[in-house]
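All chains are named by letter (A, B, ...) in the order of the sequence lines, taking the proteins before the strands, and each is independently numbered beginning at 1. Everything quoted here is computed from the prediction, not taken from an experiment. Basis for what follows: all heavy atoms, side chains included, without hydrogens, waters or symmetry-related copies.
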There are 2 protein chains.
Amino acid sequence: MFQRASQKGSNAERSRHRNRQAVLGQIHRSGTMGRAEIGRALSLSTQAVSNIIAELSDDGLLVERGQLTSGRGLPARQYALNPKGGYAFGIEVRPDAVFAALLNMAGEPVMTKRVALKKNDPKTVVFQIKSLYHEALADEAGAKARMLGAGIVMPGPFGPTGIKGHGTDLDEWRDVDANTLFSRALALPVEVSNDANAAAMAERLNGAAQGISNYAYLYFGAGLGLGLVSGGNLIQGAFGNAGEIGHIPMPAKARNLESALSRLSLQRHLQNVGKKGEDIDTLAALFAEKDKDLMNWLASATDALAYAISIVENLFDPETVILGGAMPDAILDHFVTNTALADQSVSHRPDSMHPRLQRGASGRMTATLGAAALVLHRTLSPHIAHAH
Amino acid sequence: MFQRASQKGSNAERSRHRNRQAVLGQIHRSGTMGRAEIGRALSLSTQAVSNIIAELSDDGLLVERGQLTSGRGLPARQYALNPKGGYAFGIEVRPDAVFAALLNMAGEPVMTKRVALKKNDPKTVVFQIKSLYHEALADEAGAKARMLGAGIVMPGPFGPTGIKGHGTDLDEWRDVDANTLFSRALALPVEVSNDANAAAMAERLNGAAQGISNYAYLYFGAGLGLGLVSGGNLIQGAFGNAGEIGHIPMPAKARNLESALSRLSLQRHLQNVGKKGEDIDTLAALFAEKDKDLMNWLASATDALAYAISIVENLFDPETVILGGAMPDAILDHFVTNTALADQSVSHRPDSMHPRLQRGASGRMTATLGAAALVLHRTLSPHIAHAH
DNA sequence: TTGATCGTTCAATCAGTTTGAGTTAATCCC
DNA sequence: GGGATTAACTCAAACTGATTGAACGATCAA
């Protein structure tokens with residue numbers, strides 16, 4: 001699952017593959033470009049770009065978008081990604097439900113769906129996902145032949161560790177190799193990751209992190225997750241468990257960060273005073289009416305958040321920290337404006353291009369869309385060649 | 001300094017360069033190998049490897065090491081790195097001194113030296129370093145033509161930030177672009193980094209982290225630093241300031257981690273009771289006689305260390321955490337055996353191949369040798385092609 | 001209208017890898 | 001002891017993909 005092997009050599013074939021991806025990524029970043037312009041950006045000859053563009057157009061991944069006259073000379077034919085040129089399937093497996101989304105090449109959701117689960121053993125889950133996948137393919141004509149892969153989001157931690165069941169965990173999945181299981185079931189290349197990582201990559205593709213290659217994403221799921229992007233790529237850790245920021249111990253009060261700053265913590269807090277807050281809409285409503293108990297929780301959560309951010313900033317030196325996940329926009333915005341960021345931090349820089357803390361994508365489907373974004377990211381950015 | 005630009009395309013020339021580095025790296029990892037064996041490891045044809053080896057031998061980077069008969073077939077001619085085939089110059093700039101070391105291709109120090117500084121403005125420092133460099137070249141015949149580059153270790157943080165002088169900082173360096181300054185002065189390619197990162201890379205080249213590609217290195221300098229290696233490469237952060245673990249706030253007691261766990265903290269502690277502990281040898285002696293005050297400090301430092309490790313483990317999921325820097329071996333070993341590691345951690349895994357916490361290189365010169373190691377690492381591992 | 005300029009295309013060339021046949025040297029097994 | 005087998009290496013030819021250079025077309029400026 002994680003490339004551990006020594007770096008492979010490169011040859012003409014791998015070279016071409018790499019360059020194809022580089023061209024796609026460049027066009028994605030700029031929206032629309034001409035051949036020569038791409039060549040300059042990637043240090044390739046115009047001719048090489050021309051060959052690649054011909055190939056990509058044949059494959060239906062690019063479309064022509066008229067000509068652009070800029071100054072003298074022959075107006076350059078512009079190319080853009082063909083939204084219908086490729087599709088990515090995103091899946092989020094939760095203890096009590098499965099979410100699915102189909103994204104087109106432009107990153108737009110073509111279909112989203114959720115199914116409640118009565119049982120969450122691997123067999124049942126795989127069956128549900130297979131049927132969701134076939135529904136999605138039926139909805140979007142031509143998608144089947146153009147599937148790029150599937151991204152799967154599952155709650156970590158992966159592999160055997162000392163962390164024992166959170167109660168609502170997917171216990172029967174502990175010894176399952178999710179990657180091969182799903183790639184066989186769907187007959188697609190598969191990427192498995194956790195919710196925070198997926199959300200972070202989604203932000204890079206379409207959200208606040210476009211063009212930023214070092215940032216951190218704090219994700220509100222059931223717990224608190226952290227997606228780390230360095231040099232444009234996710235930091236997954238040795239076993240895919242990096243970013244478990246919720247588990248780190250807190251100064252005083254709380255047992256750990258998660259117990260002060262997470263959906264679960266908020267729910268417990270509201271339960272203690274007899275209120276319900278399981279749903280994002282309910283929370284949004286409570287916030288709108290400035291519910292006292294919610295505000296109390298927010299006050300202590302804001303402290304915890306400031307602490308979390310100080311850790312992340314000092315350890316990663318990110319260009320920006322993005323807040324997102326299964327929370328209402330309004331609450332995330334509240335965090336962004338009300339969190340006291342430390343002056344004593346390497347991130348406190350007067351010349352910064354980006355806000356130190358900002359809101360990213362939010363809502364129930366964030367991680368699911370992110371799962372599909374993992375796949376798009378892979379096809380749009382060149383990476384080290386792997387074995388054939 | 002930090003590759004931020006979009007990924008460049010690749011072509012035949014860059015391909016060859018990449019493969020040369022891959023071959024060198026492979027031989028470095030295995031010590032000695034035959035052509036076909038290398039081809040298999042890198043997914044290259046024997047012929048391609050043969051061409052590259054011919055080239056590298058011509059350049060004096062490789063030497064033949066006899067033949068190895070293993071089972072049937074023609075015995076394979078073995079190749080190894082030529083220690084005298086390349087040299088790296090390492091420099092550590094401190095407020096009160098400059099350290100320098102010359103390493104050969106095998107990572108062995110050929111020369112080490114230190115010079116006390118009366119002034120530490122850029123001009124004086126560069127002058128000192130130039131003369132150290134010329135001394136080194138005079139010591140080792142043939143090194144001049146085979147210099148691979150220079151690594152520079154300087155105290156961070158780099159760039160304008162909210163963190164103001166530690167008192168003994170290099171204030172006059174705040175707005176200096178150290179990279180171009182040194183590369184012009186020495187006429188060498190230069191890598192600038194902080195002490196923890198350099199030490200971490202040294203560990204990967206010759207120390208405890210050989211063959212490990214995800215690990216963390218806790219470095220005892222004046223303060224406390226963290227070098228993070230992910231996928232075999234350093235995580236530098238957006239501005240090269242990643243890993244400032246000493247700055248993160250501590251639960252209760254201390255102001256931050258550094259004030260409980262660092263050389264400076266220990267020195268202050270000993271000063272308060274009228275003892276001296278500036279020198280590594282003094283500390284080693286105090287530890288040997290189980291000095292009560294030192295032991296007191298160690299007790300609280302061990303707690304702080306456990307906390308630091310829990311943060312690092314949960315955020316990075318490293319294969320191992322390595323302890324090193326300007327401390328006596330015995331004290332580092334004490335930390336390794338006496339630190340209580342949390343069971344509730346993603347790193348607490350029964351099937352682990354490596355100890356969760358171990359000692360790495362220690363001593364006064366750790367960071368300086370690491371600086372040179374940065375250069376060796378660059379020449380031994382293929383990386384994304386950069387502009388010509 | 002004319003010249004300059006820039007993007008495109010085509011054909012030739014170049015660098016580097018792969019492929020396949022052939023050579024050499026060691027072990028295996030009868 | 002001797003043929004069969006196996007493995008490492010070399011040589012030459014084929015192949016792949018990028019680069020180079022010339023020709024062409026479209027547009028703008030004078």
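- In this structure, A:Arg20 places its CZ atom 16 Å from C1' of D:dA18, rounding to the nearest Å.
- Using a 4.0 Å heavy-atom distance criterion, A:Ala76 is classed as a sugar-phosphate-only contact.
- Distance CD (B:Glu64) to P (D:dA8): 16 Å, rounded to an integer number of Å.
- To the nearest angstrom, P of C:dT17 lies 13 Å from NE2 of B:His17.
- OP1 or OP2 of D:dT10 lies within a sub-4.0 Å distance of a side-chain N or O belonging to B:Arg77.
- At the phosphate of C:dA25, neither OP1 nor OP2 sits under 4.0 Å from any side-chain N or O atom of B:Arg72.
- Taking atom CG on A:Leu56 and atom P on D:dG17, their separation rounds to 13 Å, with Å as the unit.
- In this structure, the ring of A:Tyr133 has its center no less than 6.0 angstrom from the ring center of A:Phe182.
- C:dT18 atom P lies 17 Å from atom CZ of A:Arg16, rounded to whole Å.
- Taking only side-chain nitrogens and oxygens, A:Arg35 comes nearer than 4.0 Å to OP1 or OP2 of C:dT9.
- In this structure, B:Gln78 atom CD and D:dA8 atom P are separated by 10 Å, rounded to whole Å.
- Using a 4.0 Å cut-off, no side-chain N or O of B:Ser45 falls inside it from OP1 or OP2 of C:dT17.
- In the interface, the side chain of A:Gln47 is paired with the base of C:dC10 through a donor and an acceptor atom under 3.5 Å apart.
- If you check the side chains of B:Tyr215 and B:Arg204, you find no donor sitting under 3.5 Å from an acceptor.
- A side-chain N or O of B:Ser50 and one of B:Arg35 form a donor-acceptor pair less than 3.5 Å apart.
- Checking C:dT17, C:dA25, D:dA18 against every side-chain atom of B:Ile52, the shortest atom distance belongs to C:dT17.
- Protein atom CZ of B:Arg18 is 17 Å distant from nucleotide atom C1' of C:dA15, rounded to whole Å.
- Of the side-chain N and O atoms in A:Asn19, one or more sit less than 4.0 angstrom from OP1 or OP2 of D:dA18.
- Side chain of B:Arg378 to backbone of B:Leu148: a donor-acceptor contact under 3.5 angstrom is found.
- D:dA7 atom P lies 17 Å from atom CD of B:Gln67, rounded to whole Å.
- Across all strands, A:Ser50 comes closer than 4.0 Å only to sugar-phosphate atoms, never to a base (heavy-atom distances).
- The side chain of B:Thr69 has C:dA26 as its nearest neighbour among C:dA26, D:dT19, C:dT17.
- A donor and an acceptor atom, one from each side chain of A:Arg18 and A:Gln21, are nowhere located under 3.5 Å apart.
- Within 4.0 Å (heavy atoms only), B:Ala36 reaches sugar-phosphate atoms of the nucleic acid but no base atom.
- Regarding contacts with the backbone of D:dA8, a side-chain N or O of B:Arg40 is found under 4.0 angstrom from either OP1 or OP2.
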